[in-house]
Structures are given as C-alpha cells and as structure tokens.
2 protein chains.
Amino acid sequence: MVKKSAEKEKARKPNMREAILFAAEELFSAKGFNAVTVRDIAQAAGANPGSVTYHFKTKDELLLEIYRRHCKPMNLRRAELLAAAKRVRDLQDRLEAIVRAYVLPAFSSGSDLAGGGARFTRLRAIMSAEGNEVTRRIIAQTFDDTSHAFIDAVHDSLPHIPRAEIVWRSHFLLGALYYTLVTPERVSRLSRGDSDGADAGDAIEQLVKATVASLQAPALDRATPSPRRSAPPTKSLAGDGHAPK
Amino acid sequence: MVKKSAEKEKARKPNMREAILFAAEELFSAKGFNAVTVRDIAQAAGANPGSVTYHFKTKDELLLEIYRRHCKPMNLRRAELLAAAKRVRDLQDRLEAIVRAYVLPAFSSGSDLAGGGARFTRLRAIMSAEGNEVTRRIIAQTFDDTSHAFIDAVHDSLPHIPRAEIVWRSHFLLGALYYTLVTPERVSRLSRGDSDGADAGDAIEQLVKATVASLQAPALDRATPSPRRSAPPTKSLAGDGHAPK
DNA sequence: ATATCATTTGTACTTTTGTACAAATGATAT
DNA sequence: ATATCATTTGTACAAAAGTACAAATGATAT
C-alpha cells in the first residue's frame, strides 16, 4: 500500500456514485418516487443512465441506499440530544429540550451536506404520503425505536397524561413537521409575507412552542365526567403489556 | 313503455361515470397520482379504459373533476360550522368550536358517500406531498379563503397572539390532520394497540384538544405589537434574527 | 321498427419507462 | 508497455404508459 496512491484515489474522480445519490435524493424529495425517472436522475447527476444501473442495480435499491445513508446518523443525533435533554432539571425546560431533540435533527443532520436533514425528512414525508412499500418497512424498523424513546421521555415528564394521548400528540408533531417541510410556501402565503415558511429557524421555534403546549394539555380522559376533577387518570390505559399482532 | 327493462338495465350499470370517479378517488388517495394508471382505475370501476377517456378526456381532467366534486361542499360546510362557532359566547368554548369547524368537515363531508370527506382530505394530503402541479392551483384558489376565515376567527378569539403565529399553528393543524389520515396505523403501532389511529372520532377529539392548547400558547414574541407581558417567563433560547414587521 | 343519440368496447399507436449488456474508456499494478 | 480492473457510455428492448378512434352496443323518441 502506498499512501500517495490512496490520496490520488480520493481526488481521482468526482465520485459519480455520490452525485447520483445526491441527485436522486433531491428529485425524490421534490416530486416523489414515481414521478422521477432514472433518466431524470442521471441527467441531474451529469451521468449516463447506464451508470445508475451499474452503481445501484434498480431504482428501488437506489432509494433504499439513500435511506441507509441518513437513518443511522439522524437517529444517533436524536439519541444524543435526547440523552442530554433528559438531564435537564427543570421540568418545563426538560420537556422543551426533549421536543427540540426530536425536531432539530429533522431539519439539519450535522454530518451531511447543507440542508441534508431537511431534505431527507421531506423525502420521508413524501414516501409516507405515497404509501411507498419499499420504504415503509425500513421506516418502521428504523424510526419506531426512536419514536418510542421520545414518547417515553415525554411521558416521564408528563406522567399524568396517558401514554396513548402522548402518542397522538407526537404523531401530530411529526405531521406538522412533515407538512412544513413539504409546503412551506403556504405559511408565507397565508401570513401575507409576515412569516417565511422556509425559514428553518422560525419553523423549529414555532413547532417546538406549539408542540410543548399541546403536550401539556390536560388529558382527554372520557372516563371522568367532571372536568374539575383532578383525580389521576385511569392507569389501565397506560399498561406496559405488549399486544401481539 | 319499457320502464321495467330500463330500470333493470340501470340497476345493472349504475352510471359508469360515477363509478370511475369513485374508483379514481379511492386509488389516487391511496397511492398518489403517478402510481395509479388509467387502466387501474378502469379495472377498479369495472369499466373499459376507453370509457375513462370518453368521460374525462385525460387523467389530469379526471383528477380535477374529483376536486370540483368535493371542494365546494366541504368549504360550504366549513363556512356554516364556522359561522355557528363564532356565535358561541364563552371564549374557550368558541375557540374549540372554531377548531372543530375546521377539522370536522375534513373527516366527513355530509353530502357524499361514506367516508368521502376523509378520503378527499387524504387525497389532498398526498397531492400536496407529491407537489402535484394540477391541484396546486385549485387548492390555493379554493381553500385559501377558508383558511383565512379560520385564521381570522381564531385571531379574534386570541387577539394577543400575532396573526403570523396563528398561521403557523393552523398550518401545523393541517399537517397533523393530513398525516393522521395518511398514516393512521402508526398511531396504533406506537400506542401498542391502546389507540386506533383510524378511529375518526378519537382522531378528531385528540386533534381538537391538542390544537386548542397549541393555539393558546403564549406568543413567541419577537417585536410584538402587544405590550402585555403577564405570561410566564419566556425562554430566550430562541434567537430572533429578523423582524419583518 | 327505425333512426338517433349516448355510451361502451376493442384495439392500436406513440412515448416513456426500467433495465440489460457489449463496447469503450480510464486508471493502477506489474 | 501490458494486463487487469473498475467505471462509463451507447444502444436496445420489452413492458407499460396515456390516449385516440372506429366499431359495437344499448337506450330513447318518433
């Protein structure tokens, strides 16, 4: 092994494989999977359609590779932030930190290219909307652990809310997050220019604030007829048994 | 007179145009626009592909026709409910009624077939995610008025919150609504069976509750026009970069 | 019944799609 | 240089797409 040859190898070519991955991610996250052709991707990457087949046998495999690229780093980042958030003493601050730990990596994963986190999250949003069969499995497999960790952390901060309600509200958070990344211009339009929906900083702050408030809302709790009763909610709802499917 | 035979014939082939519309709506709202072929639609409707071309010149036109079907009734329903909500005296109740007026028609429009409202809303969610050019215009044209009316009504109930922030939170509501209709099974999965994400009644109640709470959250507070500061101490983590007011 | 109209059917045409594959190209090691 | 390997290119092909259109069918009015 010669060092120089290794260095040369790095600078040797602009790495077409990466260019294709990047172009595919951009196109998929903008137009969905079915609306983008292999030829579109090749052209955007400055490559030949045959090169796409060479590096990633099929279009499905290309999509999967994009997911493999992003899932682990994003979840790692979330786990780090969540661990830090759990150590926050003040309960209110802790809840906000937990939510932020969930939201922040979705907008910008540190390791990747500029805007990589937001782009990948938008991709997930679109794939989830399209009901893409290829990604549904990997999404559930990769992100459910993270989601459970997040939900449990919130539940620890708000033990009086049944876990199922926290699930609902976390679900709403993810939906809001997705929609903001998919249609930011709607915010700009409806606010008549007072807000920029594409401003990630603003979006994060607004999302965190709104989500913390929604999480803190009293439980729905249909079992109790009187709203002024401050009795603890029924424990049976938050059972820890796992239901077989 | 051959009324009898005519009736029998009609009962056998009850308006193919409607059947095609229904099949198309179902398929589009399940798999998106690009993943569904004209042949898929024809087969689901028990029709010949040529019949689709006959009734709706193109695939785009078919999609547009679906929108024309639903937009007006749904917005009418929303306007009715909103007008009624505005007359509620109690401020807290009024806010909840307003949110409910926005959410309810999205789950079930009264005039249509069973589940028609939810199906059409899911369709809008997917089209919005796919960035469908055909529907983008009609969506903005048809729903922006309703959205503005809703936002203004909320703003009247919460005058101390800047309108732009209400826009953000309404946007989150719509995102949460969309996502719940698109991926209800995720709620069931993460709640380990304690909740059924596909239960429209539960979804509505959870969504209304969470949204009311998020709307009532104190303003994020950049250069705010309202000098009132009786809210709990706000976090200064949020870096306020710009004030375009 | 016959004529007239609306609808349905069958088929075919033109593009576009994903993917395969042989040849061309370029780099590295010997 | 020559051989070996990885990559890129060009092309082709079978399948699937949207849509057009003539013929067949069915219903209604006269």
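Since the model is a prediction, treat every value here as computed from it, not as a measurement.
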How long is the line joining CZ of Arg17(A) and P of dT8(D), in whole Å?
11 Å
Measuring to OP1 and OP2 of dA6(C), would you say a side-chain N or O of His55(B) lies under 4.0 angstrom away?
no
Within this structure, what is the CZ-to-C1' distance between Phe56(B) and dT8(C), rounded to whole angstrom?
14 Å
Respond yes when some side-chain nitrogen or oxygen of Tyr54(A) is under 4.0 Å from OP1 or OP2 of dT8(D), and no when none is.
no
Quick one: list whatever passes salt bridge (charged side-chain N to carboxylate O under 4.0 Å, His left out) with Arg100(B), sequence neighbours left out.
Glu96(B), Glu205(B)
Residue pairs fulfilling ring-ring contact (aromatic ring centres under 6.0 Å, His included) with at least one residue in residues 38-58 of chain B, sequence neighbours excluded
none
Tell me every residue that passes ring-ring contact (aromatic ring centres under 6.0 Å, His included) with Tyr179(A), counting only those two or more places apart in sequence or in another chain.
His171(B), Tyr178(B)
Could you check how far CD1 of Ile20(A) sits from P of dT7(D), rounded to whole Å?
11 Å
In a table with atom names and distances, give each donor-acceptor pair under 3.5 Å that connects a side chain of residues 41-53 of chain A to protein atoms at least two apart or in another chain.
from     : atom 1 : to       : atom 2 : distance (Å)
Asn48(A) : OD1    : Gly50(A) : N      : 2.8

Round to the nearest Å and state the distance from Glu18(B) atom CD to dT7(C) atom P.
12 Å
Applying side-chain hydrogen bond (donor to acceptor under 3.5 Å, both in side chains), can you list everything that pairs with Ser188(A), at least two apart in sequence or on another chain?
none
Tyr102(A) ring centre to Arg78(A) NZ or CZ under 6.0 Å, with the angle to the axis within 45°?
yes
Of all the base pairs, Watson-Crick or G-U under 3.5 Å, which form stems of three or more consecutive pairs involving DNA chain D?
C:1-30 with D:1-30
Test of understanding: with salt bridge (charged side-chain N to carboxylate O under 4.0 Å, His left out), list the residues that count as partners of Arg136(A), not counting sequence neighbours.
Glu133(A)
Just to verify, what does Arg189(A) make a salt bridge (charged side-chain N to carboxylate O under 4.0 Å, His left out) with, not counting sequence neighbours?
Asp144(B)
Residue list, salt bridge (charged side-chain N to carboxylate O under 4.0 Å, His left out) with Arg169(B), at least two apart or on another chain:
Glu165(B)
Quick check with a 6.0 Å cut-off and a 45 degree axis cone: is Arg124(B) positioned over the face of Phe143(B)'s six-membered ring?
yes
Which atom pairs link the protein and nucleotides 17-24 of chain C when you take only N or O atoms and keep those under 3.5 Å?
from    : atom 1 : to       : atom 2 : distance (Å)
dG18(C) : OP1    : Lys59(A) : NZ     : 2.8
dG18(C) : OP2    : Val38(A) : N      : 2.8
dG18(C) : N7     : Arg39(A) : NH1    : 2.8
dG18(C) : O6     : Arg39(A) : NH2    : 2.8
dT19(C) : OP2    : Lys59(A) : N      : 2.8

Near DNA chain D, under 4.0 Å by heavy atom, which residues of residues 127-139 of chain A?
none
Can you check the Leu62(B) CG to dG18(D) P distance for me, whole Å?
11 Å
Donor-acceptor list for residues 27-34 of chain A side chains, cut-off 3.5 Å, not counting sequence neighbours:
from     : atom 1 : to        : atom 2 : distance (Å)
Ser29(A) : OG     : Glu25(A)  : O      : 3.0
Ser29(A) : OG     : Glu26(A)  : O      : 3.1
Ser29(A) : OG     : Arg122(A) : NH2    : 3.2

